[in-house]
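These notes are about the structure you will find just below.
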Amino acid sequence: MATVTPSDRERTATRLLRSSAEHSYDPEIEIDWEAPFVEGKYFVPIHRSSLYGTPLWDRLTEEQRIELTKHEVASIAGLGVWFETILMQMLVRGYLNQDPTTAHAQYALTEVADECRHSVMFGKMIAWLGTPVYRPTGIDQFLGRWIGHTATGPRMFAAILIAEEILDTLQREAMADENVQPLVRTVSRIHVVEEARHVRFAREELARQIRLAGRSRLAFDRLVIARAAYLTGTRLIDPRVYESVGISPQEGIRAARANPHHQETMRWAGERIVAFLADLDLIGRGRAAKSLWEASGLLQR
Ligand SMILES: [Fe+2]
Ligand SMILES: [Fe+2]
């Protein structure tokens, strides 16, 4: 692993600040929120629907399949807003202790500004979709709040990266798919362009933070990271989405979990971040961490 010195850190942040100035998008201006749905187009790439290829899928009409993907993209956007709010909280907390004259601190705030626009964009998209707002509940909601209020160092940046890289993989495919609704493709494209900077920032920062962390600190962080992976993997598609096509949440989630296509989607979405975390030795091997990672569905078989 290359050593990142403070000047490397400043150099990266300076480059990211310049790129932010050149490539930032205002969802209010870039997107026509009055645009109607395009008939016959899906809201996620069809083969990424969690029920694609199952007997339940075979029973759905074309309209119902499209409707299900509408709720699936709303679920992903709802989780996105939730994660971004926690991320903004963590970045602002970190900023409070930094020197405001450094590019590094200024970039952290610039990223908050990006995430502000993203959450507005996802919120507007959910309103456009006309679906319920799907977001984590119960223990997941509690843990998200806890991470937002307390996380620093490796567990903070690893949790950020898990959410950002999985979303990024899904959106890169969606933005290029002609069978996906144009508005969803535009939202995906804007997010992909801006998130590339965030991923770069978090990857470098994570590698740096690991070198500063002690062994016992890292042991605990591996467990938190495993729980974040479990949450992302299991809450990406909210079980309540199936109600939109008359399937109970229990039946829908059971079918999705047993669906080889969906299993493959989750592994594919997790591939890049899992490899990166494994390189940094952040995939816990203890019993609890291992079972959380396995249940997340993100690991390669
Ligand atoms: Fe974002
Ligand atoms: Fe981001």
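Counting convention: from 1, in listed order, for ligands and their atoms alike. Computed from a predicted model, the values in this text were never measured in an experiment.
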Please give the atom name: the N, O or S atom of [X] nearest to the Fe ion (ligand 1).
X	answer
E115	OE1
E84	OE2
H118	ND1
E195	OE2

Can you name the N, O or S atom of E164 that is closest to the Fe ion (ligand 2)?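 E164's closest N, O or S atom to the Fe ion (ligand 2) is named OE2.
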
Nearest N/O/S atom of H198 with respect to the Fe ion (ligand 2), by atom name, please.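 In H198, the N, O or S atom with the shortest distance to the Fe ion (ligand 2) is ND1.
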
Ring-face cation contact, Y25 with R117, 6.0 Å cut, 45° max: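 No, R117 does not sit over the ring of Y25.
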
Could you tell me whether any N, O or S atom belonging to H191 is less than 2.8 Å from the Fe ion (ligand 1)? yes

Does the pair R203/E165 count as a salt bridge with the N-to-O cut at 4.0 Å?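 Yes, this pair counts.
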
Would you say [Y] and [X] are linked by a side-chain donor-acceptor pair, where the criterion is simply a distance under 3.5 Å?
X	Y	result
E195	H118	yes
S248	E243	no
E194	H198	no

Can you name the nearest heavy-atom pair linking A295 to T234, along with the distance? O-CG2, 3.8 Å

